[in-house]
Structure formats: structure tokens, C-alpha cells
Amino acid sequence: MGNTAESAKESVYKSIISPVLVLLVICVACGALLAWLNDKTAPLIAENELQATQKAFLSVLPEGTDANGLTNLETTTEGVESAVRTADGKAAVKAAAPGYSGKDVTVYVAFDSDGIITGIQVDASTQTAGIGSKVGASDFYNGFLDWDASNEVAAGSPVDTISGASYSSSAVFDAVNSAMACFNREIKGVE
């Protein structure tokens, strides 16, 4: 009888406890590896994001603008992620607002020293393909060019909402308004 009880304990250990312990060790090892990997790649990811943002700023600023001539600005405007200014008073602002399903639509807006929009680019890659992603097409967002930052944008002023993509369109309007608010409050006239 003692052998049967010992055999049952050994069976429980082999069938339940041993696999659980093995899985626990594997999970702890994987978690530690992921934490180490995240720690090692975080600076590279941040640098890549900074370079991508700077490239986007240069794409909306006037041709010939040099990356070395950009000054990064601290901003506090809601919805604004970053901003830069050139030596001659031009500026570019990166702003985002939630579109369809709460996913952000990001805009890069360039202003001349008077606050006129001289360049714009919209990243709508988070929006529904073929519908909300239409706000990322230049025939939509180029309607903001030459708009004065002293006037808010809205549906129909200066561009219409894209049919079927009202959330994504509203996100662009909100992000552009945030960029203009940042320019007016934190960049214009500030040396």
C-alpha cells in the first residue's frame, strides 16, 4: 500500500507539478530576455523616430532647408508632439489627433514667419485602407496650403470632409488646429 501512495504522488508530480515548473522557468527566462532586448533597442528606436520626424519636417519646409539649421522647440500645446523652427522664422509642427477607432492621424504642418501654411503632410496609415486613409492623399491635404493660422479649420473651411471618412477627416482638422494653436501661442514672435 505504501508503494501505491508513493506512486500516486510521483504521478501527480510528473503530470502536473513538473510541467508547471518547466513552463514557469521558460516564462521567466523569456521575460528577462525581452526586458533586456527592450533596454538595448529603446535608444535605437528613439533615434529612428527622431530621424523620421526630422525627415518629415524637412519634407514640408521649403526646399533647401538644412537639418542643421533646425531648432527643436519645447511645446505644451495639447495634441502637438514636437516642433522645429528655422533661423529665418519658419516653423514646422508635428501634431496628432485620434481618428477612426481612436487611432492617431499625424500631420506635419509648415508655416512661414507670418503663420501661412506653406507645407503639409498627413500620415493616415492607421486609418481604414481605402476609406479613412484617403485623408493621407495630397489632393485632400493640399487644400490647407496658404491657409492663415489665425483662422481655425473645420469641415468645409478650407476643405470638405471626405465622404465615409468623417472620423479621419475630423482628426486631420483637429491636428491642424493643434499645430496652428502651437504656432500662434508658442512659436510666432518668440525668439
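Throughout, numbering of the chain's residues begins at 1 and tracks the sequence. Predicted, not measured: the structure shown is a model, and the values here were computed from it.
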- prompt: Under the 3.5 angstrom rule, does the side chain of Ser157 hit a backbone N or O of Ala154 as a donor-acceptor pair?
  reply: no

- request: Spell out, as yes or no, whether a donor-acceptor pair under 3.5 Å connects the side chain of Ser170 to the backbone of Tyr167.
  value: no

query: Cluster partners of Leu70, using ILVMFWY side-chain heavy atoms under 4.5 angstrom, listed by chain and number?
result: Phe57, Leu58, Val60, Leu61, Val84, Tyr108

task: Output the rest of the hydrophobic cluster of Trp36: all Ile, Leu, Val, Met, Phe, Trp and Tyr residues reachable through side-chain heavy-atom contacts under 4.5 Å, sorted by chain and number.
output: Leu33, Leu37

Residue pairs passing the salt bridge (charged side-chain N to carboxylate O under 4.0 Å, His left out) test where at least one lies in residues 90-115, sequence neighbours excluded: Glu81-Lys94, Asp88-Lys90

Which atom pairs, one a donor and one an acceptor, fall under 3.5 Å between side chains of residues 171-180 and the rest of the protein, sequence neighbours left out?
residue	atom	partner	partner atom	Å
Asn177	OD1	Val153	N	2.8
Asn177	ND2	Val153	O	3.0
Asn177	ND2	Phe173	O	3.2
Ser178	OG	Glu78	O	3.2
Ser178	OG	Asp174	O	3.2

Results of side-chain hydrogen bond (donor to acceptor under 3.5 Å, both in side chains) for [X] - residues two or more places apart only:
| X | answer |
| --- | --- |
| Ser18 | none |
| Ser59 | Gln121 |
| Ser138 | none |

Between [X] and [Y], which heavy-atom pair has the shortest distance, and what is it?
| X | Y | answer |
| --- | --- | --- |
| Ser125 | Asp123 | OG-OD1, 2.8 Å |
| Ser113 | Phe183 | O-CZ, 4.0 Å |
| Gly130 | Ser133 | N-OG, 2.8 Å |
| Gln127 | Ser168 | OE1-OG, 2.7 Å |
| Tyr141 | Val135 | CD2-O, 3.8 Å |

- prompt: Once you round to the nearest 0.5 Å, how far does OG of Ser163 lie from CD1 of Ile131?
  reply: 10.0 Å

query: Are Phe111 and Val159 joined in one hydrophobic group, where the rule is that I, L, V, M, F, W and Y side chains link up if heavy atoms are under 4.5 Å apart?
result: yes

message: Are Val105 and Ile162 connected into the same hydrophobic cluster when the rule is that any two of I, L, V, M, F, W, Y join if their side-chain heavy atoms are below 4.5 Å apart?
response: yes

Just jot down the side chain to side chain contact (heavy atoms under 4.5 Å, CB included) partners of [X], sequence neighbours excluded, or say none.
| X | answer |
| --- | --- |
| Glu47 | Leu50, Gln51 |
| Ile17 | Tyr13, Leu21 |
| Thr77 | Val80, Ala181, Cys182, Arg185, Glu186 |
| Leu34 | none |

message: By the side chain to side chain donor-acceptor pair (under 3.5 Å) test, which pairs, at least two apart or in different chains, include something from residues 146-156?
response: Asp148-Ser150

field: Stepwise side-chain contact (heavy atoms from CB on, under 4.5 Å) test for Val93 and Ile187
entry: CA-CA 10 Å; Val93 178; Ile187 300 173; 3.8 Å; yes

message: Less than 4.5 Å apart, side chain to side chain, heavy atoms only: is that true for Phe140 and Val122?
response: no

